[in-house]
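Worksheet: the structure to be examined is printed underneath.
Throughout, a chain's letter reflects where its sequence line sits, starting with A, and its residues are numbered from 1.
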Protein chains: 2
Amino acid sequence: MIDAPALRVIRAIDTEGSFTAAAASLGFTQPAISQMVRRLEQRLGTVIVERRGRTVHLTEAGQVLARHAATVLNALDSAEEEVAAIAGLRAGRVRLMAFPSASATLVPRALALVKARYPEVTISFTEAEPPESLTALRSGDCDLAVAFAYDGVDVGRGEEDLDGFVATVLLEDEVRLAVNRNHRLAQRESATLADLADDPWIAGCPRCRGHLVSLCTQAGFAPGVAYETEDYVAVLGLVAEGLGVALIPDLILRTVHHPEVVALPIRPGSRRSIIAVTTADLGRVPAVEATMLALEEAARVIPQTPTCAALSSR
Amino acid sequence: MIDAPALRVIRAIDTEGSFTAAAASLGFTQPAISQMVRRLEQRLGTVIVERRGRTVHLTEAGQVLARHAATVLNALDSAEEEVAAIAGLRAGRVRLMAFPSASATLVPRALALVKARYPEVTISFTEAEPPESLTALRSGDCDLAVAFAYDGVDVGRGEEDLDGFVATVLLEDEVRLAVNRNHRLAQRESATLADLADDPWIAGCPRCRGHLVSLCTQAGFAPGVAYETEDYVAVLGLVAEGLGVALIPDLILRTVHHPEVVALPIRPGSRRSIIAVTTADLGRVPAVEATMLALEEAARVIPQTPTCAALSSR
DNA sequence: TCGCCGCATAACCCCCAGTTATACAGTGTG
DNA sequence: CACACTGTATAACTGGGGGTTATGCGGCGA
């Protein structure tokens, strides 16, 4: 019935005082205005402008329209501006979730990068292990998740999508064996899991434990899990006390050092991929995209751990 | 860029939860919604809805649009409603101007009629003699004027328009001669102006005075104007005191009676037309039109004064 | 009285926004 | 595990709304 262009015309007529001037101010020709007014009048069933000789004036109905025109056009303008701000990274919000050990270096660095480039973009950050973060992503409570996948089993690898998600590999994280420095294997250059078939094991998060069991099974034994904790600092503490051995991603060992603990490469090598996950649509939201790029950039600064191949050729 | 239909669609998607449901609720087909969203997205340069499997959700930008959609659509709705109210005579304002003696019966009756039929229509009323009321009409300060025209000389007659105005004759008002009941002509059935060439005259408003002079000139003399007042009650008072004679419209004599005053028909008869004047555009404004009709109806209740022809045949 | 300025109208035309038809993807269920 | 159901995306087509140019007409000022 009434549309925005019509209101713009009404407003222009009101302020300019003539059809011709209104047309000029809107970039139209004069007949366009005449027709627009006529259409609107016969649609509304009442006169909205009073043609008095060479000048035109709004009738009461026209003034009603002009009054509401301000509201409507202002709202449209601010909507457009706000969306443009989001599109232009002058605004926007990203709900980021990452697993605890990514929170240590990768995420803070990426957050800093985004904040430096786009100060108006706000990123809310929640720690969560991959299963929860992916659930949150699925349910719409999260825009971008930093997760990890062990050796391509847990979730898809590379640029592939998992369950409709889009995942980008940020970096590869070599899994190492953590033993007490007095452990019988502490001086070795590397170890196989079979060497530790009888040691008590300390398991991390459920997925990590799953990975541990899987690797040990491949090595021909079932690990005796003596302790279980999601906190890697605690894991290191347990190892430091000589209470057991553990598999710990290299990324953790770079941030949490412990003098009593020695980290050995394992053979065959095992890695986890640290990935950024989002949906195809959210990946195209500017703020999310920018955060994604910042994560990739932050990951690039952290040197990749030597690959299994490079390790064995040493 | 952003238009009202698009906002309607966004809102529907938000509330309905799917394109199909939104389409159904708006009476569109599903592809229409798909295309609309796509268009909007590429126009705005950002993603608006996140397609997650079988369900869709608004992104941050989409939520911004949905939020403003409420403002815009509400404003449009209320604008439409207000205009419809004006068009349907459930609202509206008429600025009416009438000359003093019309205010006595004609206008009050018309106002009452309008108020009874359309209680929500408000009529503001200002007394003004024809020249001022027509000026106000021309300048936009008045929507409808009740004026008078002496014998088709002052302003156009009948349905003709004067200066782009539209005039409708409400009633014909016979001009009579008012004399003191002791006047030498008081017992006559009628009089000619020539009979009163030597009497002192009492003149009314400027236009009335003009008319008096014009009639007397036709009768071959120049009237001696002893008193001049715009107030017809005062005119009658002067006549009652025997201070002079006056020409007074019949309409006045019907409302203001004075025992000392006798009103005689004059020969040749002279009348003034009481007309309702507005512009072509304003005449199509429902409230103005309704008031105009009410004026005509009110005039019909007041019996026409006998015409000059009927009088002379008596 | 003439000329300029501004609105109205007619004829034309293009593009946008719908429609139908159909393919494709995700999600439960036998 | 496959199938059916439900929902979105895409393609091709079509109609009409809304703009343009050209022209007429009326009011206002010099």
Is any side-chain heavy atom of [X] closer than 4.5 Å to a side-chain heavy atom of [Y]?
| X | Y | answer |
| --- | --- | --- |
| B:Leu295 | B:Leu144 | yes |
| B:Thr71 | A:Thr71 | yes |
| B:Glu41 | B:Val49 | yes |

Starting at atom [atom1] of [X], determine the distance to atom [atom2] of [N], rounded to an integer number of angstrom.
| X | N | atom1 | atom2 | answer |
| --- | --- | --- | --- | --- |
| A:Asp281 | C:dA25 | CG | C1' | 13 Å |
| A:Arg52 | D:dG27 | CZ | C1' | 14 Å |
| B:Phe165 | D:dG26 | CZ | C1' | 16 Å |
| A:Phe19 | D:dG26 | CZ | P | 18 Å |
| B:Leu40 | C:dA17 | CG | C1' | 14 Å |
| B:Ile33 | D:dT6 | CD1 | P | 20 Å |
| B:Gln42 | C:dA17 | CD | C1' | 13 Å |
| B:Glu41 | D:dA9 | CD | C1' | 12 Å |

*Summarise protein proximity over nucleotides 10-19 of chain D in one line of letters, 5' to 3': B for base, S for sugar-phosphate only, - for none, counting protein heavy atoms closer than 4.0 Å.*
BB------SB
_Nearest atoms (heavy-atom pairs only) where B:Leu76 meets B:Ala4_ = CD1-CB, 3.6 Å
*Below 4.0 angstrom, N of the basic side chain to O of the carboxylate: do A:Glu81 and A:Arg90 qualify?*
yes
*asked:* Using only atom types and a distance under 3.5 Å, with no angle test, would you say the side chain of B:Asp143 pairs donor to acceptor with the backbone of B:Val94?
replied: no
_For D:dG7 and B:Arg51 - does any side-chain N or O of the residue sit under 4.0 Å from the phosphate oxygens OP1/OP2?_
no
